Amino acid sequence: MDHGTSTDKIARTRAYRDGELVAEDFPVANLSDQIADPDTVVWVDLCAPDTVDLKIVAEELGLHELAVEDAIESSQRPKLDHYKTHDFLSMYAVWLDKESGALETSELAVFLTPKTLVTVRKDTRFHVDKVVERWDASSPELIRHHIGFLLYGLIDFVVDGHFQAVQDLDEEIEKLEDLLFGERSRDTDVQRRSFELRKSLVQLRKLVLPMREVVNTLMRRDVRAIAQEMIPYFQDVYDHVLRATEWTESLRDLVTTILETNLTIQGNRLNVITKQVTSWAAIIAVPTAITGFYGQNIPFPGFGHVHGFIVSSALIVVASVTLWFIFRRKGWL
């Protein structure tokens with residue numbers, strides 16, 4: 001079909017035949033001609049397409065209107081939907097901004113037919129060139145598995161990004177631990193950083209956890225585009241998803257523990273301060289009591305004499321020093 005639209009300007013295309021790249025960057029209008037060859041599979045990449053552009057591809061491949069609607073709308077949950085002629089996959093690439101501790105995401109929609117893989121990027125931040133590099137670096141024997149191979153390379157790249165994000169969060173939490181027990185620890189810094197990292201972990205969990213179901217379904221459901229020879233590779237991806245999920249859960253518990261530890265440390269510091277203030281107040285009370293006693297306007301031993309002043313001063317010094325040693329020995333000062 002020749003639609004004469006802007007689709008060709010935003011699309012990136014590739015055709016593989018018998019494990020070899022035979023065509024690249026051909027017009028989307030020629031898509032049906034390429035897949036007419038029974039030994040040819042095609043990859044089409046669309047970056048932030050509008051409704052008209054995506055519907056052109058949908059007409060070429062016979063994509064379901066609900067799947068097309070999900071590909072256009074943002075903030076889809078990671079999922080795998082099965083339709084009569086194709087499958088629809090939604091997932092997210094993620095990475096951590098180490099300065100802010102915020103988790104950055106890029107949404108990706110995928111249409112999967114027995115002969116075509118269509119990726120729809122919602123923005124330009126998804127590094128599709130790195131996915132292509134993985135495909136090109138793979139062995140010819142693996143490439144011969146066609147669409148299953150292309151899908152494996154794509155999902156493996158996304159899951160590796162999840163794993164890297166978890167690892168980066170782990171490193172940031174280790175820095176948080178150093179900040180927590182540092183000599184110049186500031187409670188506000190610890191609390192703010194803990195909140196930022198916990199928020200990122202919650203967001204990452206929402207994206208990583210559903211991928212377990214997605215990859216598991218790809219392995220167990222009769223997905224026409226995936227050859228049985230590719231199942232062990234998807235099993236490897238599934239193991240990575242499980243590790244990333246379990247790691248995310250453990251880090252959430254660790255951040256919670258850090259917050260609780262910070263509160264405990266604050267309580268301990270308050271107790272120490274309370275002991276110190278109470279100890280000094282007790283020491284200060286000694287001279288106050290003695291001078292107050294001698295300040296009474298009544299006769300007492302030493303009243304009006306120098307030795308009375310010496311005795312009262314000596315009592316103040318001895319009592320104060322004695323209390324100081326007692327409190328020091330108990331660790332209150």
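Throughout, numbering of the chain's residues begins at 1 and tracks the sequence. All values reported here derive from a predicted model rather than from experimental measurement.
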Separation between [atom1] of [X] and [atom2] of [Y], rounded to the nearest 0.5 Å:
X: Thr256; Y: Leu254; atom1: OG1; atom2: CG; result: 8.5 Å
X: Met230; Y: Leu150; atom1: CE; atom2: CG; result: 9.0 Å
X: Gln235; Y: Leu218; atom1: CD; atom2: CG; result: 12.0 Å
X: Phe111; Y: Leu61; atom1: CZ; atom2: CG; result: 9.0 Å
X: Gln167; Y: Leu251; atom1: CD; atom2: CG; result: 10.5 Å
X: Leu54; Y: Glu59; atom1: CG; atom2: CD; result: 10.5 Å

Main-chain N/O of [Y] paired with [X] side-chain donor or acceptor, under 3.5 Å:
X: Tyr233; Y: Gly148; answer: no
X: Thr116; Y: Thr113; answer: no
X: Lys115; Y: Thr40; answer: yes

Any heavy-atom pair between the side chains of [Y] and [X] that's under 4.5 Å?
X: Asp53; Y: Asp50; value: yes
X: Asp156; Y: His240; value: yes
X: Val158; Y: Tyr92; value: no
X: Trp95; Y: Arg125; value: yes
X: Asp45; Y: Arg121; value: yes
X: Leu201; Y: Thr248; value: yes
X: Val44; Y: Arg12; value: no
X: Arg17; Y: Asp37; value: yes

Decide, yes or no, whether a salt bridge links [X] with [Y] under the criterion of side-chain N to carboxylate O below 4.0 Å.
X: Arg14; Y: Asp25; value: no
X: Glu196; Y: Arg193; value: yes
X: Glu133; Y: Lys130; value: no

Do [X] and [Y] sit in the same hydrophobic cluster, where Ile, Leu, Val, Met, Phe, Trp and Tyr count as joined when their side-chain heavy atoms come under 4.5 Å apart?
X: Val132; Y: Leu21; result: yes
X: Leu63; Y: Leu66; result: yes
X: Leu204; Y: Phe195; result: no
X: Met219; Y: Leu209; result: no

- Item | Qualifying ring pair (Phe, Tyr, Trp, His ring centres under 6.0 Å) pairs with a residue from residues 39-67, counting only residues at least two apart or across chains |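 Counting only pairs at least two positions apart or across chains, the ring pair (Phe, Tyr, Trp, His ring centres under 6.0 Å) contacts touching residues 39-67 are Trp43-Trp135, His64-Tyr83.
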
- Message: Can you tell me how the ring of Tyr152 sits relative to the ring of Phe234, calling it parallel under 30°, perpendicular over 60° and tilted otherwise?
- Response: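 Ring orientation of Tyr152 relative to Phe234: perpendicular.
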
So which atom in [X] and which in [Y] form the shortest heavy-atom distance, rounded to 0.1 Å?
X: Glu73; Y: Glu107; result: O-OE2, 3.9 Å
X: Leu96; Y: Ser200; result: CD1-OG, 4.3 Å
X: Ser90; Y: Phe88; result: CB-CE2, 4.1 Å
X: Asp123; Y: Ser106; result: OD1-OG, 2.8 Å
X: Ala23; Y: Gln34; result: CB-NE2, 4.3 Å
X: Lys122; Y: Ala71; result: CE-O, 2.7 Å

- Message: Quick one, Leu242 with Thr245, criterion side-chain contact (heavy atoms from CB on, under 4.5 Å). Give me CA distance, side-chain angles, the key distance, then yes/no.
- Response: CA-CA 5 Å; Leu242 287 181; Thr245 303; 5.6 Å; no

- Task: Any chance you could lay out the side-chain hydrogen bond (donor to acceptor under 3.5 Å, both in side chains) test for Ser32 and Glu60, step after step, and finish with the verdict?
- Result: CA-CA 6 Å; Ser32 55; Glu60 289 281 338; 3.2 Å; yes

- Where at least one partner belongs to residues 203-213, residue pairs that pass side chain to side chain donor-acceptor pair (under 3.5 Å), sequence neighbours excluded: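 Listed once each, the pairs are Arg205-Glu249.
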
- Message: Counting neighbours of NZ on Lys55 that are heavy atoms of other residues, nucleotides or ligands and sit closer than 6.0 Å, is the number greater than 12?
- Response: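 Result for NZ/Lys55: open.
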
- Message: Centroid separation under 6.0 Å, is that true for the rings of Phe157 and Phe126?
- Response: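 Yes, the ring centres sit under 6.0 Å apart.
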
- Item | Of Leu154, Val215, Leu207, the residue whose pairing with Met91 passes side chain to side chain contact (heavy atoms under 4.5 Å, CB included) |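 Among Leu154, Val215, Leu207, the one that satisfies the side chain to side chain contact (heavy atoms under 4.5 Å, CB included) with Met91 is Leu154.
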
- Among Asp81, Ile155, Leu112, side chain to side chain contact (heavy atoms under 4.5 Å, CB included) partner for Leu89: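 Between Leu89 and the candidates, side chain to side chain contact (heavy atoms under 4.5 Å, CB included) is satisfied uniquely by Ile155.
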
- What do the steps show when you test Val41 against Leu117 for side-chain contact (heavy atoms from CB on, under 4.5 Å), and what is the final call? CA-CA 8 Å; Val41 296; Leu117 179 72; over 6 Å; no

- Task: Please check if any side-chain donor atom of Gln164 sits under 3.5 Å from a side-chain acceptor atom of Asp160, or the reverse.
- Result: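 No - no donor-acceptor pair under 3.5 Å links their side chains.
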
- Task: Kindly determine whether Asp170 and Glu174 satisfy side-chain contact (heavy atoms from CB on, under 4.5 Å), including the steps that lead there.
- Result: CA-CA 6 Å; Asp170 192 3; Glu174 288 182 1; 4.2 Å; yes

- Checking side-chain contact (heavy atoms from CB on, under 4.5 Å) for the pair Trp247/Phe163: CA distance, chi angles, key distance, verdict? CA-CA 9 Å; Trp247 200 353; Phe163 206 81; 3.8 Å; yes

